[in-house]
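Report on the following structure.
Along the sequence shown, residues are numbered consecutively beginning with 1. Treat the numbers as computed from the prediction; the structure is a model and nothing was measured.
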Amino acid sequence: MQKIRTQRRRLFFDIEVSPNIGMFWEAGYKKNISHENIIKERAIICICYKWEDDKDVMFLQWDSKQSDKKMLEQFVKITQEANELVGHNGDKFDLSWIRTRCLFHKIQMFPNYTTIDTLKISRSKFRFNSNKLDYIAQFLGMGKKIHTNFSLWRDILLDKNKIAMAKMIKYCKMDVVLLEKVYKQLSTHVMPKTHYGVIFGSDRSDCPECGSDDCKKSGIRVTASGTKYQRFQCNTCFKYYQKLVR
């Protein structure tokens, strides 16, 4: 009997950040600019996010004084509702940026989150010409990023240009849309990190992705230490998973 799938709390997100503003005597290649030259610290301009399979991409942005504190307080609360956070280079870049800015503002965060990093997946599982999100999306026929240049950041940071900010948010939203599309294609090649079946009230032996009990056996895997796993494929969402054989 196939069980009803409930919405997963899988959050796709992306951030856009500002550069530092500093003083330096000379521009050029391989110049040594110390942190002491910084006169205004970089910050997060906006955060765009969407829940898996939702239509709308939501956004948060820094305030009129270019402070990201209130935005981060709001986003941290949103992450508390998620079972998984998905980003492209999200572990090393986006989440580290968010954690650093939260530390600056003394905003509390969970010590660890269940994350899915599509950059790590692309590097470990595939052999793309480039592991950039834009390239992978185009390679898979899913669209491409919106073109931007440095002047967009300059107009936002120095002139507080509202039109430039709107373009930045549109650019960031498109990244989130592409992120979800790319993830759905790559995810068939990775094992689940969260057992959504259990969250939905299904049995542990059911599909971890959708909770269906309509699954077929797909061979046995035995590790070097002799641990045996039964492999399955779900007939509802077609994802693979494995269960320890005791």
Side-chain angles (χ1 to χ4, degrees), residues 9-24 33-52 54-82 84-113 115-119 132-134 144-180:
R9 302 303 285 170
R10 186 175 281 147
L11 187 68
F12 297 84
F13 75 107
D14 185 51
I15 69 172
E16 301 301 335
V17 301
S18 69
N20 293 305
I21 296 179
M23 297 179 66
F24 54 96
I33 300 176
S34 167
H35 65 275
E36 294 177 348
N37 294 77
I38 299 172
I39 58 176
K40 183 177 180 180
E41 279 278 349
R42 57 191 184 177
I44 299 175
I45 298 173
C46 65
I47 305 174
C48 292
Y49 64 94
K50 75 182 295 293
W51 296 102
E52 185 175 26
D54 276 6
K55 181 180 178 181
D56 297 327
V57 181
M58 311 302 290
F59 74 92
L60 301 167
Q61 66 183 78
W62 64 11
D63 64 22
S64 59
K65 297 181 180 180
Q66 298 186 341
S67 169
D68 53 9
K69 182 177 181 180
K70 185 176 180 180
M71 172 182 66
L72 287 165
E73 289 174 337
Q74 292 175 304
F75 187 68
V76 167
K77 290 180 180 179
I78 293 166
T79 63
Q80 292 171 358
E81 302 174 23
E84 295 173 322
L85 304 179
V86 186
H88 194 79
N89 200 22
D91 290 350
K92 187 176 181 180
F93 184 81
D94 302 76
L95 201 54
S96 295
W97 255 94
I98 290 170
R99 198 175 289 282
T100 302
R101 294 302 297 168
C102 282
L103 183 67
F104 176 78
H105 292 300
K106 297 179 173 57
I107 300 170
Q108 296 298 312
M109 290 181 65
F110 285 139
N112 61 298
Y113 295 87
T115 62
I116 300 172
D117 193 324
T118 51
L119 178 62
K132 291 184 177 180
L133 179 65
D134 188 35
K144 61 182 180 179
K145 292 166 69 84
I146 296 172
H147 175 72
T148 58
N149 55 50
F150 182 71
S151 65
L152 188 64
W153 277 260
R154 184 180 60 228
D155 291 345
I156 291 170
L157 186 58
L158 301 183
D159 300 333
K160 297 184 178 180
N161 188 297
K162 293 182 179 180
I163 295 176
M165 176 60 82
K167 289 181 179 178
M168 176 71 75
I169 291 170
K170 183 179 180 180
Y171 165 78
C172 188
K173 281 185 173 184
M174 185 60 181
D175 281 3
V176 175
V177 171
L178 293 177
L179 172 65
E180 182 178 19

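Not a single donor-acceptor pair under 3.5 Å links the side chain of D155 to the backbone N or O of D159. Under the 3.5 Å distance criterion, the side-chain polar atoms of D94 are matched with a main-chain donor or acceptor of I15. Within the 3.5 Å criterion, the main-chain N or O of K145 finds a donor-acceptor partner in the side chain of D134. Without hydrogens or angle criteria, S18 side chain to I45 main chain gives no donor-acceptor distance under 3.5 Å. Remark: the backbone N or O of I156 is not paired with any side-chain donor or acceptor of N161 at under 3.5 angstrom.
Across V76 and C102, no two heavy atoms sit closer than the pair CG2-SG, 3.7 Å. Heavy-atom minimum distance, D91 versus L95: O-CB, 4.3 Å. Contact record, D14 with E16: OD2-OE2, 3.2 Å, taken as the closest heavy-atom pair. Scanning all heavy atoms of the two residues, the minimum distance from L157 to W62 falls at CD1-CH2, 3.9 Å. In plain terms, the two heavy atoms of G90 and D117 that are nearest each other are N-OD2, 3.2 Å. In this structure, L133 and L179 approach most closely via the heavy-atom pair CD1-CA, 4.1 Å.
One finds the CZ atom of R99 at 10.5 Å from the CZ atom of F110 (value rounded to the nearest 0.5 Å). Between E52 atom CD and R9 atom CZ the span is 11.0 Å, to the nearest 0.5 Å. Remark: K70 NZ to H105 NE2 distance equals 13.5 Å, nearest 0.5 Å. The distance from the CZ atom of F104 to the NZ atom of K69 is 9.5 Å, given to the nearest 0.5 Å. Here the CE atom belonging to M168 is positioned 10.0 Å from the SG atom belonging to C48, to the nearest 0.5 angstrom. In this structure, the separation between CE on M165 and SG on C46 is 6.5 Å, given to the nearest 0.5 Å.
Few gaps surround CD on E81; more than 12 heavy atoms of other groups in view lie less than 6.0 Å from it. When the shell of 6.0 Å around CD1 of I21 is examined, it contains more than 12 heavy atoms from other residues, nucleotides or ligands. More than 12 heavy atoms of other shown residues, nucleotides or ligands fall within 6.0 angstrom of atom NZ in K40. Counting non-hydrogen atoms of neighbouring residues, nucleotides and ligands closer than 6.0 angstrom, the CE atom of M174 exceeds 12 such neighbours.
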L60 and Y49: side-chain contact (heavy atoms from CB on, under 4.5 Å), yes or no, with the steps? CA-CA 9 Å; L60 301 167; Y49 64 94; 4.2 Å; yes

How far apart are the C-alpha atoms of L178 and H88, what are their side-chain angles, what is the distance that settles it, and do they pass the side-chain contact (heavy atoms from CB on, under 4.5 Å) test? CA-CA 10 Å; L178 293 177; H88 194 79; over 6 Å; no

Could you walk me through whether I47 and I78 pass side-chain contact (heavy atoms from CB on, under 4.5 Å), step by step? CA-CA 11 Å; I47 305 174; I78 293 166; over 6 Å; no

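Checked for salt-bridge contact, R101 and D68 meet the test: a charged N lies under 4.0 Å from a carboxylate O.
Contact check for V17 versus R42: no side-chain heavy atoms found under the 4.5 Å cut-off. Side-chain contact check for F12 versus V57: every heavy-atom pair is 4.5 Å or farther apart. Taking the side chain as every heavy atom from C-beta outward, M71 and F75 never approach each other to under 4.5 Å. In this structure the side chain of K92 never reaches within 4.5 angstrom of the side chain of L119, judged on heavy atoms. When side chains are defined from C-beta on, V86 does not count as touching F13, because their heavy atoms never get closer than 4.5 Å.
Applying the side-chain contact (heavy atoms from CB on, under 4.5 Å) test to K160 and every residue at least two apart in sequence or in another chain returns Q66.
Taking the six-membered ring where the residue is Trp, W153 and Y171 present perpendicular rings, their angle passing 60° and hence far from 30°.
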